[in-house]
Amino acid sequence: MVVLQGKSVFGGIAVGKLLFLKKATGQIKRYKVDTPDAEIERFEQAKQIAISQLEELYQKALAEVGEANAMILQVHQMMLEDLDYLDSIKNIITTQGVNAEYAVGVTADNFVQIFSSMEDEYMRERAADIKDISERLIRTLQKEENNIEITEPVIIAAEDLAPSETVQLDKSKILSFVTRKGSVNSHTAILARTMNIPAIIGIGDELLDDFNCKSVIIDGFTGTVYIEPDEKTTDEMLRKKRKDDERKTLLLELKGKENITKSGRKIKLYANIGDPSDIGAVLNNDAGGIGLLRSEFLYMDKQTFPTEEEQFIVYRYIVESMAGKKVIIRTLDIGADKQADYFQLPEEENPAMGYRAIRICLTQKDIFKTQLRALFRASAYGNLSIMFPMIISVEEVHEIKEIIEEVKNELKEVGIDYDQNLELGIMIETPAAAMISDLLAKEVDFFSIGTNDLTQYTTAIDRQNPKLEKFYHPYHPAIFRLIEMTAENAHKNGIWVGICGELAADLSVTERFLQMGIDELSVSPGMVLELRKKVREIE
Ligand code: PEP
Ligand code: MG
């Protein structure tokens, strides 16, 4: 048994096999094979695996984003059966006596060239599909497991996980995350909390590649990883897991109960989610609504900008699934640690303080308007509110409102319905916004305090940098003063105020937030009932 220690970002016990996520190297080696027939058989097997993966993804997409958007996954399956494509691969294997990866790579290059030079735009676009299916085949052949191909529930290990990587993971198959690097406030840590699974970061180089496929136990309460645990440890951990499961079952008794203190003060408890697959957890944990939907997921798992229609379908699905409960969708907050290549964001000296979030939206207005149109259209189907990230000035809010007027007028002109009373809010996550919250409160319907960034910018501590964690102070009095000031200014101006940063889930400060008059706390779905329990215990 090997025992490793890291930093816990979410409690819980996980038991399973470790799967190291390797980054695709992109390198395909050419080597001679003794029996080309066996190599063709190896290729055929990879092809079948790829087709069944695509079918699984198709079914998942069908449920999540509808038939029109899922269709491409069926097209990819058909392309994998294309005779010209298959003949080319098999010919290269047989005539040159080489490995299948190489044959797929060469065939892909040739086909991509042919398609790219075609007159017809539709055919030109197929080049990207050829690349896509070929990369899938090569990955399968190289057995470079990546997230999409996880077939059984596993414990994911990685150097670190970027948001663009985590967004692609099939969450239903992940028992836990463990990483060599990472910081407790990173988006990967937030994802683990949203998924309600144990996660440990910062284990360091002792987390060896060699542990791949080994049986492990993760103790998310203490930040300990047991590789090939002995019998005594396994028994002890299973006991701990049973206790934790019992605690979770007890919490379920709080479903349907009010979030009310002993003296009768009520508070709204909503959930933070990263994508539509979290809605089940929101409903199971009896959250009153969604207090923060990070809409970046729509942009990050893609090769190009999501269309208005694609976004509309997803937003409508979310508000409809929540059946009249409030859904607050935050507009695009990309940049800094959340990257998507096709945005072609410039390299910056200080990305966290750079071209990101609302700054991108107010510069590349076409991207912003597409999202707003989709959101307003979806608002006709449920209880939708919109909020804007990284605000620092009243002028920004004025500009946003002007764009919203344009969007509404355009929709009116073509007779598309939207919610006339849709609430607009802003995130208070820069010290500037908190300091002028009296002025901003006159402009919007609500505030949602983003304590993750508010702490980062107030204390000048990069939330991504693990070296700074000893200086990071979530309870710094400056943060509480800013929260209190924001709450006071909100109420003086008759608007409501919530907290959607990670601090909202910290049970040791719930009472302080209630005393400040905070109206809503939005936390990961798995924390809603814990927080309800806490609120109900407060005098
Ligand atoms: C925050 O900054 O507190 C917040 C909720 O937004 P994110 O964590 O997505 O930056
Ligand atoms: Mg933020």
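Just follow the structure's listing: the first ligand is 1, and inside any ligand the first atom is 1.
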Atom 7 (P) of ligand 1: of Q456, R294, M427, R356, the nearest heavy atom sits on R294

Just going by heavy-atom distances, which of K338, R463, E502 is nearest to atom 10 (O) of ligand 1?
R463

Numbered atoms of ligand 1 (with element) below 4.0 Å of [X], judged on heavy atoms:
X	answer
C500	5 (C)
T451	3 (O)
L292	5 (C)

Salt bridge between [X] and [Y], side-chain N to carboxylate O under 4.0 Å?
X	Y	answer
R512	E484	no
D453	R463	yes
D286	R532	yes
R356	D337	no

Could you check whether any heavy atom of R330 sits closer than 4.0 Å to an atom of ligand 1, since that is the contact criterion I want to use?
yes

For ligand 1, is M390 a contact, meaning one of its heavy atoms is under 4.0 Å away?
no

Side chain to side chain donor-acceptor pair (under 3.5 Å) partners for Y342, two or more places apart
none

Can you list the residues that meet the side chain to side chain donor-acceptor pair (under 3.5 Å) rule with Q515, with sequence neighbours excluded?
none

Does any N/O atom on E296 come nearer than 3.5 Å to any N/O atom on ligand 1?
no

Identify, by name, the N, O or S atom of E429 lying closest to the Mg ion (ligand 2).
OE1

Confirm or rule out an N/O/S atom of D453, from backbone or side chain, lying less than 2.8 Å from the Mg ion (ligand 2).
yes

Keeping the roles fixed (side chain from N493, backbone from N489), state whether a donor-acceptor pair exists under 3.5 Å.
yes

